[in-house]
Novice: 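What follows is a structure written as structure tokens; I'll ask about it next.
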Amino acid sequence: PFPYYERKRETAPVYYDEQSGSWHVFRYDDVQRALSEYATFSSHMGGDDASGTGQLFSSSLIATDPPRHRQLRSLVTQAFTPKAVDALAPRIAGLTDELLEGIADRGSADLIKELAYPLPVIVISELMGIPPQDRERFKRWSDVIVSQTRTGSASENHTAAHMEMTEYFLALIDERRSRPGQDLISTLLAAEIDGQKLTVPELLGFCALLLVAGNETTTNLIGNAVLCLSENPGTMDRLIREPALLPQTIEEVLRFRSPVQSMYRMAVAETALGDEVIPAGAPVVAWIGSANRDERQFQRPAEFDIDRGQNRHLAFGHGVHFCLGAPLARLEARIALEALLSRLPGLSLDQEARLERMESTIVYGLKALPVTWQTA
Ligand code: HEM
């Protein structure tokens, strides 16, 4: 998509697409405004989407504007602060070791399947108190729901997955109501806003959002990072010697191959953006993936450079909706990469395999990541 973004930034940075009836925004400053000026660009999309996913998310954090948004978000911020998340590091490292232990002797594997995919699913399942035996189902629903965002149309498969997931969470919520634990669902059940408990749709929205928002995105961050490093063997060697450079490397991967390429908003009132005037009620697509390559913001944006001084990418959004899970995603990526570099010597892409990107305009990542390494 990157040459296309570049053309758009030059020739039509705020662009009306007649076919879809939506406005597309490509430059860094404009994308930042669309993401953060919530009084003008609302996150509330309405819940009348026939597939039901719209409905499920319509009462969740990501689709709510302030002041309700602030109240909902404050219920879960504690669980996702850098400090709270750091406490998970030993568990994440243990899981990573377990997953790599199983493949270390093989010398080749699909890293998406073996590591990047299961790791975030297990971590969020544990935070939410999902019993291990239910993880498989949970993963399947999450897949089906994300694949709908890829194609934009609701399949039968999708509607079924959506119903199953709703039923599952309803049962889990009931169970936690009678036997609360240390997990996020129990926290949400106990929470009150102005003396009122969350409604069942709000609880469901939270569960579904945490399930969908954190999994595939983190999988793709890890996968995209391995791809970036395979293309830059010098950087990979440097990181093996100096793992302390991993955090800035991960920020550069987030900029260079952003796992979330675009986010939606709705113009609340007529608004001037760039040289255009967006009418009230119009859907707006903010192209994060383009903003992160804008030459007005970044020097040599098409270069992967872990030594970039200022890297104010928008991969986690901007403003009040800034990704709640950012500290967790960063930690998982750092632990996963550190383990890959130290445990799989000579890690490189399988030269024979063809890389395939997922078909999506929202999520950016590889379907599979076949790699090889040296075994003893
Ligand atoms: C919001 C990206 C991982 C939970 C967002 C937004 C972006 C984003 C761009 C802003 C949405 C908007 O402005 O409308 C990413 C990326 C990730 C990642 C690239 C991984 C590399 C996670 C994880 C979790 C998570 C691990 C949870 C465990 C959320 C939630 C929101 C959010 C709950 C909504 C926040 C709000 O509306 O206030 N994420 N995310 N994300 N993310 Fe993430």
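When a residue number appears, it is its place in the shown sequence, counting from 1. Atoms within a ligand are numbered from 1 in the order they appear, just like the ligands themselves.
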Novice: Between Phe80 and Val76, what is the shortest heavy-atom contact and its length?
Specialist: CD1-O, 3.3 Å

Novice: Applying a heavy-atom cut-off of 4.0 Å, say which part of Leu209 lies close to ligand 1: side chain, backbone, both or neither.
Specialist: side chain

Novice: Taking the side chain from Asp65 and the backbone from Ser42, do they hold a donor-acceptor pair closer than 3.5 Å?
Specialist: no

Novice: Considering only protein heavy atoms, which is closest to atom 30 (C) of ligand 1, and at what distance to one decimal place?
Specialist: Leu324 CB, 3.8 Å

Novice: Should we count CD of Glu192 as having more than 12 external heavy atoms under 6.0 Å?
Specialist: yes

Novice: Looking at Ala329, which atoms of ligand 1 are within less than 4.0 Å of one of its heavy atoms?
Specialist: 3 (C), 20 (C), 21 (C)

Novice: Within 45 degrees of the axis of the six-membered ring of Tyr5 and under 6.0 Å from its centre: does Arg293 put its NZ or CZ there?
Specialist: no

Novice: Could you check atom 28 (C) of ligand 1 against the protein and tell me its nearest heavy-atom contact, residue, atom and distance included?
Specialist: Ile124 CD1, 3.4 Å

Novice: Side chain, backbone, both or neither: which part of His321 has a heavy atom under 4.0 Å from ligand 1?
Specialist: both

Novice: Tell me if a side-chain donor or acceptor on Asn224 pairs with a main-chain N or O of Arg257 at a distance below 3.5 Å.
Specialist: yes

Novice: Does Val320 come within less than 4.0 angstrom of ligand 1, counting non-hydrogen atoms of the residue?
Specialist: yes

Novice: Out of all atoms in ligand 1, which are within 4.0 Å of some heavy atom of Leu221? Include the element for each.
Specialist: 21 (C)

Novice: Given that the side chain starts at C-beta and the backbone is N, CA, C, O, which of these parts of Thr217 lies under 4.0 Å from ligand 1, counting heavy atoms, or is it both or neither?
Specialist: both

Novice: Quick test of your reading of the structure: of Tyr364, Phe316, Phe322, whose heavy atom lies closest to atom 7 (C) of ligand 1?
Specialist: Phe316

Novice: Under a 4.0 angstrom heavy-atom cut-off, which atoms of ligand 1 come close to Ala315?
Specialist: 2 (C), 9 (C), 19 (C)

Novice: For Ser43, is the nearest heavy atom under 4.0 Å from an atom of ligand 1?
Specialist: no

Novice: Could you check whether any side-chain N or O of Glu270 sits under 3.5 Å from a backbone N or O of Ala280, counting only pairs where one atom can act as donor and the other as acceptor?
Specialist: no

Novice: Do side-chain atoms of Gln196 reach the backbone of Ile193 as a donor and acceptor pair under 3.5 angstrom?
Specialist: no

Novice: Can you give me the closest heavy-atom contact between Gln261 and Ser258, atom names plus distance?
Specialist: NE2-O, 2.8 Å

Novice: I'd like to know whether ligand 1 has Tyr264 as a neighbour, heavy-atom separation below 4.0 Å.
Specialist: no

Novice: For Tyr15 and Phe26, take the angle between the two ring planes, folded into 0 to 90°, and tell me which bin it lands in: parallel under 30, tilted 30 to 60, perpendicular over 60.
Specialist: tilted

Novice: I need the nearest protein heavy-atom contact for atom 4 (C) of ligand 1: residue, atom name and distance, please.
Specialist: Ala213 CB, 3.6 Å

Novice: Using a plain distance cutoff, I'd like to know if Arg73 has any nitrogen or oxygen under 3.5 Å from a nitrogen or oxygen of ligand 1.
Specialist: yes

Novice: Please round to the nearest 0.5 Å and tell me the distance separating atom OG1 of Thr96 and atom CZ of Arg343.
Specialist: 9.5 Å

Novice: Evaluating non-hydrogen atoms only, which member of Gly365, Cys323, Ala34, Ala333 is closest to atom 41 (N) of ligand 1?
Specialist: Cys323

Novice: Taking everything shown except Arg312 itself, do over 12 heavy atoms lie less than 6.0 Å from its CZ?
Specialist: no

Novice: What protein heavy atom is closest to atom 23 (C) of ligand 1, reported as residue, atom name and distance in Å?
Specialist: Gly214 CA, 3.2 Å

Novice: I'd like to know whether ligand 1 has Arg330 as a neighbour, heavy-atom separation below 4.0 Å.
Specialist: no

Novice: Within less than 4.0 angstrom of ligand 1, does His69 place any heavy atom?
Specialist: yes

Novice: From the options Leu254, Asn220, Ile62, select the one whose nearest heavy atom is closest to atom 34 (C) of ligand 1.
Specialist: Ile62

Novice: For ligand 1, which atoms have a heavy atom of Leu61 less than 4.0 angstrom away?
Specialist: 36 (C), 37 (O), 38 (O)

Novice: Would you say the side-chain atoms of Thr219 pair up with the backbone N or O of Ala116, donor to acceptor, closer than 3.5 Å?
Specialist: yes

Novice: May I ask you to decide whether Asp29 forms a salt bridge with Arg27, counting only side-chain N to carboxylate O separations under 4.0 Å?
Specialist: no

Novice: Among all protein heavy atoms in this structure, tell me which lies nearest to atom 14 (O) of ligand 1, with the distance rounded to 0.1 Å.
Specialist: Arg265 NH1, 2.8 Å

